[in-house]
Each structure stands twice: as C-alpha cells, then as structure tokens.
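Some notes on the structure that comes next.
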Amino acid sequence: MISRTSPRLLGRAIALLFLLTIITGVFAQGFVSDRLYVSNDAAATATNFLTHKGLYELGFTVFIIEMASNIATTALWYILLRPVNRSIALSAAFLDLSGGIIKTFARVFFIAPLFVLGNSAAVFPGFTTQQLQSISLILFKVNSQGTALAMAFFGFSVLLNGYLIFRSTFLPRWLGVLSFVAGLGWLTFLYPPLGYRAFPIAALFGLLGSAATIFWLLVFGVNEERWIKQSGAGAGS
C-alpha cells in the first residue's frame with residue numbers, strides 16, 4: 001500500500017519525520033544530556049541525574065521517539081529512491097537501519113545510570129557512593145561511544161542517498177551534493193577522536209542539508225511525472 005502512495009506524499013512524510021527526528025534529537029541531546037553532564041566529574045553528573053530525574057527520563061523517552069522516527073524515515077527513503085537504483089537504495093537502507101539499531105541499543109546505557117544510582121543499597125551492596133557514581137559515568141560514556149559508532153553508519157547511508165538523489169530526475173541535484181557533503185562529515189566518526197573534533201562543522205553541513213531537503217520536500221515536493229517515468233525505466237535495476 002505504501003508503494004502505491006503518491007511519491008509527493010511520500011516526500012512530505014519523509015520531510016515531517018526527518019524534522020521530528022532532528023527536533024527530538026536536538027532536545028534530548030542539547031537540553032537534557034549535555035545540560036546534565038559535567039565533564040569528567042562523576043559526583044556532579046550523578047547529582048544532576050538524580051536531582052533532575054524526571055527530565056532525564058523524559059530525555060530517554062524523546063531519544064526513543066527520535067530513533068523510531070529515524071527508522072520510519074529510512075523505510076520511506078528506500079521506497080522513494082529505489083527507482084534510481086534498487087540495489088544502492090537497499091544498501092543505504094540497511095546501513096541506516098544498522099546505525100539506528102546501534103544508536104537505540106546505546107540508549108540503554110543512557111538510562112542505566114539511574115538504575116545504578118537509584119538502587120545502590122539493594123543491588124550494589126558494598127560499593128561506595130563514589131564507586132557507584134563512577135560506574136554511572138562510565139555507562140553514560142558508553143552511550144556516547146555507541147552514538148559515535150552509529151554516526152559512521154549514518155555517514156555511509158547519507159552518502160549513498162546523496163548519490164541516488166543526484167542521479168534522480170525527480171529531485172534537484174544540489175540536494176544530492178549537500179547530502180554527499182553531510183555524509184562525508186559524519187564519516188569522520190570512523191575515527192571517533194576526529195569525529196568529535198569535526199562535529200561542529202559536520203553538524204553545520206548536516207543541518208544545512210537536512211533543512212534544505214525538508215524545505216524542498218514540503219514546499220516543492222517530488223516531481224511525480226519524472227518519478228513514475230524513472231520508476232518504469234529502472235524497474236529491472
């Protein structure tokens with residue numbers, strides 16, 4: 001049924017889900033995770049987590065919404081771009097899905113510090129407060145490392161989708177170029193120390209490409225006539 005949906009409607013659904021992914025990710029990371037984490041200070045970070053427990057749990061919920069939106073967007077991108085090249089579109093979808101699975105699993109370590117800090121006496125007898133705070137910080141950092149690994153997978157998928165957009169006849173080529181550049185930026189996380197250093201630049205190009213794509217899909221949309229024509233021409237690819 002989704003395959004028979006208008007490509008213009010598919011494009012707008014992608015734009016809305018893409019926008020939701022960005023908004024939820026920025027909120028959970030920027031206004032919850034980064035706000036409560038104190039660099040290399042386990043005691044202060046643990047205090048923030050417990051003091052703002054409700055906000056921290058909300059951040060976890062929003063992270064899950066982010067990943068659900070991301071996975072749905074992955075499926076719709078595949079349907080929209082498969083007329084260009086089915087094999088490459090499928091590869092991009094699997095890479096993006098792999099990144100989504102890794103990032104979702106990493107969020108288990110995001111919420112784990114509350115379990116360690118909130119059940120310390122019953123579950124971890126014999127551990128000092130300082131030790132439990134250190135354990136919670138380690139778990140929190142594992143979450144960050146898992147997210148960095150996922151970004152590398154996203155980089156490959158964005159790169160391939162950028163190529164498909166560039167080769168398509170139903171979307172402007174410059175959107176493909178922006179996606180290609182954004183993908184190269186996320187690929188810096190193949191070496192996490194480089195990824196963290198390059199993150200401000202990679203995020204800038206990523207947001208620029210995402211904003212342009214969302215705007216185009218919502219305002220101008222997919223050229224349905226060209227999509228149908230390319231879909232028929234690429235039926236065997």
Side-chain angles (χ1 to χ4, degrees), residues 14 17-30 32-34 37 39 59-60 62-78 80-82 84-85 87-112 138-167 175-214:
I14 289 171
L17 285 169
F18 206 178
L19 182 60
L20 179 61
T21 302
I22 293 173
I23 292 174
T24 51
V26 169
F27 172 81
Q29 186 65 46
V32 179
S33 181
D34 291 347
Y37 169 63
S39 180
F60 175 74
V62 174
F63 269 137
I64 298 305
I65 294 174
E66 174 203 10
M67 296 320 304
S69 301
N70 182 83
I71 291 171
T73 305
T74 298
L76 296 184
W77 266 127
Y78 166 71
L80 186 67
L81 295 177
R82 68 183 175 184
V84 183
N85 188 299
S87 298
I88 295 178
L90 187 61
S91 298
F94 271 107
L95 285 165
D96 202 58
L97 182 60
S98 298
I101 292 171
I102 292 170
K103 195 172 182 181
T104 303
F105 180 72
R107 296 314 182 193
V108 174
F109 294 92
F110 175 84
I111 198 66
I138 290 171
L139 292 172
F140 181 83
K141 288 188 174 182
V142 170
N143 151 71
S144 298
Q145 291 299 316
T147 302
L149 175 61
M151 296 309 298
F153 279 85
F154 291 147
F156 284 117
S157 66
V158 172
L159 205 66
L160 292 178
N161 279 340
Y163 169 78
L164 292 172
I165 293 172
F166 185 83
R167 289 291 305 276
L175 283 181
V177 173
L178 288 177
S179 294
F180 197 86
V181 173
L184 290 176
W186 298 132
L187 282 178
T188 57
F189 279 95
L190 285 170
Y191 180 61
L194 175 62
Y196 287 122
R197 292 191 188 97
F199 179 77
I201 297 175
L204 176 63
F205 281 103
L207 286 175
L208 177 63
S210 299
T213 301
I214 292 168

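All of these numbers come straight from a predicted model, not from anything done at the bench.
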| Between CG on residue L19 and OG1 on residue T73, distance to nearest 0.5 Å | 10.0 Å
| query | Does the side chain of L178 reach to within under 4.5 Å of the side chain of T213, using non-hydrogen atoms? | reply | no
| query | Around atom CZ of F94, are there more than 12 heavy atoms of other residues, nucleotides or ligands at under 6.0 Å? | reply | no
| Once you round to the nearest 0.5 Å, how far does OH of Y78 lie from OG of S91? | 10.0 Å
| Derivation and outcome, side chain to side chain contact (heavy atoms under 4.5 Å, CB included), residues I101 and M67 | CA-CA 8 Å; I101 292 171; M67 296 320 304; over 6 Å; no
| said: For A92 versus N161, what's the shortest heavy-atom pair and its separation? | reply: CB-OD1, 3.5 Å
| Got a sec: does the CZ of F60 have more than 12 other heavy atoms crowding it under 6.0 Å? | yes
| message | I'd like to check V158 versus W77 (side-chain heavy atoms, cut-off strictly below 4.5 Å). Are they in contact? | response | no
| task | State, with a plain yes or no, whether a side-chain heavy atom of D96 is found less than 4.5 Å away from one of F154. | result | yes
| request: Could you give me the CA-CA distance, side-chain angles and deciding distance for E66 and K103, then say whether side chain to side chain contact (heavy atoms under 4.5 Å, CB included) is met? | output: CA-CA 10 Å; E66 174 203 10; K103 195 172 182 181; 3.1 Å; yes
| field | Within the 6.0 Å centroid threshold, strictly below: F166 and F180 | value | no
| query | For N70 and T21, which heavy atoms make the closest approach, and how far apart are they? | reply | N-OG1, 3.5 Å
| remark: CG of N85 to CG of L90, rounded to nearest 0.5 Å, is 10.0 Å
| said: Around atom CD1 of I201, are there more than 12 heavy atoms from other residues, nucleotides or ligands closer than 6.0 Å? | reply: no
| said: Counting C-beta onward and ignoring hydrogens, is there a side-chain heavy-atom pair between L95 and L160 closer than 4.5 Å? | reply: yes
| query | How long is the gap from CD on Q145 to CG on N143, to the nearest 0.5 Å? | reply | 9.5 Å
| query | Is there a side-chain contact between I214 and I22, using heavy atoms and a 4.5 Å cut-off? | reply | yes
| message | For a 4.5 angstrom cut-off between non-hydrogen side-chain atoms, does F109 reach K141? | response | no
| field | Nearest heavy atoms of G206 and A182, plus distance in Å | value | CA-CB, 3.9 Å
| task | Please tell me if the side chains of F156 and L190 come closer than 4.5 Å, counting only heavy atoms from C-beta onward. | result | yes
| About how many Å separate CG of L149 and OG of S144, when rounded to the nearest 0.5 Å? | 12.5 Å
| Taking everything shown except Y196 itself, do over 12 heavy atoms lie less than 6.0 Å from its OH? | yes
| message | Just checking Y163: does its OH atom have more than 12 heavy atoms from other residues, nucleotides or ligands closer to it than 6.0 angstrom? | response | no
| said: Can you give me the closest heavy-atom contact between L17 and A72, atom names plus distance? | reply: CD1-CB, 3.8 Å
| task | Return the minimal non-hydrogen interatomic distance between A28 and G59, and the atom names on each side. | result | CB-O, 3.7 Å
| message | Any non-hydrogen side-chain atom of F199 less than 4.5 Å from a side-chain atom of F189? | response | yes
| note | Interatomic distance, CD1@I65 vs OG1@T24, rounded to 0.5 Å, equals 7.0 Å
